[in-house]
Each structure stands twice: as C-alpha cells, then as structure tokens.
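To start, the structure under review is shown below, and the notes come after it.
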Amino acid sequence: MQNTLSTQKGSHSIIIIILVVIIALAIGFFIQKKKTPSIDTGVQVVTDVNVDEMMVQQYTHQGTLDDVSGGSSSGVAKAIFDNTYKLLVEFENLPPLSSDFFYEGWIVNKNPLKFDVISTGALIEKNGALINTYMSQNDLTDHDFYVLTLEPDDGDPAPAEHILEGTLSTK
C-alpha cells in the first residue's frame with residue numbers, strides 16, 4: 001500500500017512538472033511573438049532605399065499632416081507607384097525624444113472592406129531633419145491615410161500615441 005501511494009505521488013509530481021514546463025514554454029513563445037513586430041499583409045518591402053533619389057522624386061499622391069496631439073508639429077506625406085511604391089514624409093517642429101521613445105510612421109487603408117495598417121518604420125535623420133521613407137513592390141496607393149505615432153521602446157508592435165495624421169490625395 002505504501003509503495004502504491006509513493007508511486008502515485010511520483011506520477012503526480014511528474015505530471016505537474018510537465019505541465020509547468022509546457023506553460024512556461026507557451027508563455028515564452030507568447031512573449032517572444034509579442035516582441036517581434038509582425039504586421040504581415042503580404043507586402044514585399046524594398047530595403048535598399050536611396051533617400052537622395054526619393055527627395056527629388058515626382059509624387060502623384062500628397063497630403064498635409066496635422067498635429068492631433070495638441071502640439072505645433074506638421075508634415076507632408078508623398079507617395080507614388082511606378083513599378084515600386086515609394087513614400088516620403090517630411091516633418092517640422094517634432095518635439096525631441098527621450099532615449100526610450102521613437103517616432104513611427106503608418107499608412108492606412110480605411111476602406112471598411114479592405115481595412116489595413118502597415119508600419120512604414122521609424123523615422124530617420126537626413127541632413128538634420130527627421131523623415132520617413134518606405135518602399136514596397138506592392139501598389140499601396142490605396143493606403144491613403146498617414147499616421148505618425150510616438151512609440152515607447154517596449155517591443156509592442158501596435159501603434160501608440162498619435163501625433164500627426166493626414167490624408168493623401170491625387171495631385
């Protein structure tokens with residue numbers, strides 16, 4: 001009888017250990033998945049952006065960006081599709097950032113049947129000014145709404161506080 005009880009206790013301990021390991025692995029997977037931004041819309045991103053070339057590009061879509069945070073920032077977003085989708089956004093009067101925040105751009109297709117949000121990445125500095133550039137092999141000109149967000153550097157891929165917003169329209 002004593003031998004049967006200790007065998008059952010041993011079996012229960014093994015089952016509890018296995019459950020704890022499975023739960024720990026599931027939590028680790030969820031945390032890792034959350035840290036990795038994953039906005040997969042089938043968009044093929046072009047990574048070799050020539051910023052100087054984009055600055056002189058003639059764009060077919062353009063819009064002004066208004067500050068929605070109560071500040072005095074502004075911007076202009078421009079896009080074109082000529083075998084490659086190109087987006088260039090230039091900003092004025094953006095407040096300086098602390099080291100644990102960054103600005104991130106987003107393009108949005110607001111059509112309820114095709115609603116889609118794509119990150120255009122963090123802003124870069126070019127000649128002392130902050131800009132946002134983005135290129136894709138896909139025609140994204142139907143993503144005609146631009147949002148600039150202020151993002152905490154916390155690994156969460158979701159858009160955070162909106163700073164600037166505006167609609168791009170055909171010139």
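Between atom OG of residue Ser169 and atom CG of residue Asp144 there is a gap of 8.5 Å, rounded to the nearest 0.5 Å. Note that OG of Ser73 is 11.0 Å distant from CG of Asp66, once rounded to the nearest 0.5 Å. Here the OH-CD1 distance, from Tyr85 to Ile107, works out to 4.0 Å after rounding to the nearest 0.5 Å. In this structure, CZ in Phe81 is found 11.0 Å from CE in Met135, a value given to the nearest 0.5 Å. Residue Asn93 holds its CG atom at 11.5 Å from CG of Leu130, rounded to the nearest 0.5 Å.
Between Ser136 and Leu140, the shortest heavy-atom distance links the atoms CB-CD1, 3.9 Å. Closest approach of Lys110 to Phe115, counting heavy atoms only: CA-CD1, 4.0 Å. The nearest pair of heavy atoms linking Glu165 to Val147 is CG-CG2, 4.1 Å. Listed here is the closest heavy atom pair of Trp106 and Val117: CE3-CG1, 3.6 Å. Here the closest heavy-atom approach between residue Ala79 and residue Leu87 is recorded as CB-CD1, 4.1 Å.
Among residues two or more places apart in sequence or in another chain, the side-chain contact (heavy atoms from CB on, under 4.5 Å) test is passed with Asp153 by Phe102. In this view, Phe91 and Leu65, Val89, Leu94, Leu123, Asn132, Tyr146, Leu148, Leu164 satisfy the side-chain contact (heavy atoms from CB on, under 4.5 Å) rule, not counting sequence neighbours. Residues passing the side-chain contact (heavy atoms from CB on, under 4.5 Å) test with Gln57 are Tyr59, Ile80, Asp82, Lys86, sequence neighbours excluded. Ser98 pairs by the side-chain contact (heavy atoms from CB on, under 4.5 Å) definition with Asp100, Phe101, not counting sequence neighbours. Every residue two or more places apart in sequence or in another chain that forms a side-chain hydrogen bond (donor to acceptor under 3.5 Å, both in side chains) with Asp139 is listed here: Thr141. Every residue was checked against the side-chain hydrogen bond (donor to acceptor under 3.5 Å, both in side chains) condition with Ser74, not counting sequence neighbours, and none meets it. The side-chain hydrogen bond (donor to acceptor under 3.5 Å, both in side chains) search around Asp142 returns Asn109, not counting sequence neighbours.
A side-chain donor-acceptor contact under 3.5 Å links Glu151 to the backbone of Ala160. Between the side chain of Asn111 and the backbone N or O of Leu113 there is at least one donor-acceptor pair closer than 3.5 Å. In this structure, the side chain of Thr149 engages the main chain of Glu104 through a donor-acceptor pair within 3.5 Å.
The shortest distance between side-chain heavy atoms of Tyr103 and Leu150 falls below 4.5 Å.
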Could you give me the CA-CA distance, side-chain angles and deciding distance for Asp116 and His143, then say whether side chain to side chain donor-acceptor pair (under 3.5 Å) is met? CA-CA 8 Å; Asp116 189 30; His143 290 66; 2.9 Å; yes

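The list of salt bridge (Lys or Arg N to Asp or Glu O under 4.0 Å) pairs with a residue in residues 123-135, not counting sequence neighbours, reads Asp52-Lys126. Each salt bridge (Lys or Arg N to Asp or Glu O under 4.0 Å) pair with one or both residues in residues 88-98, not counting sequence neighbours, appears once here: Lys78-Glu90.
Side-chain contact check for Ser69 and Glu161: no donor-acceptor pair (N or O, by modelled atom type) lies under 3.5 Å.
Hydrophobic clustering (side-chain heavy atoms under 4.5 Å, transitive across Ile, Leu, Val, Met, Phe, Trp, Tyr) keeps Leu168 apart from Val76.
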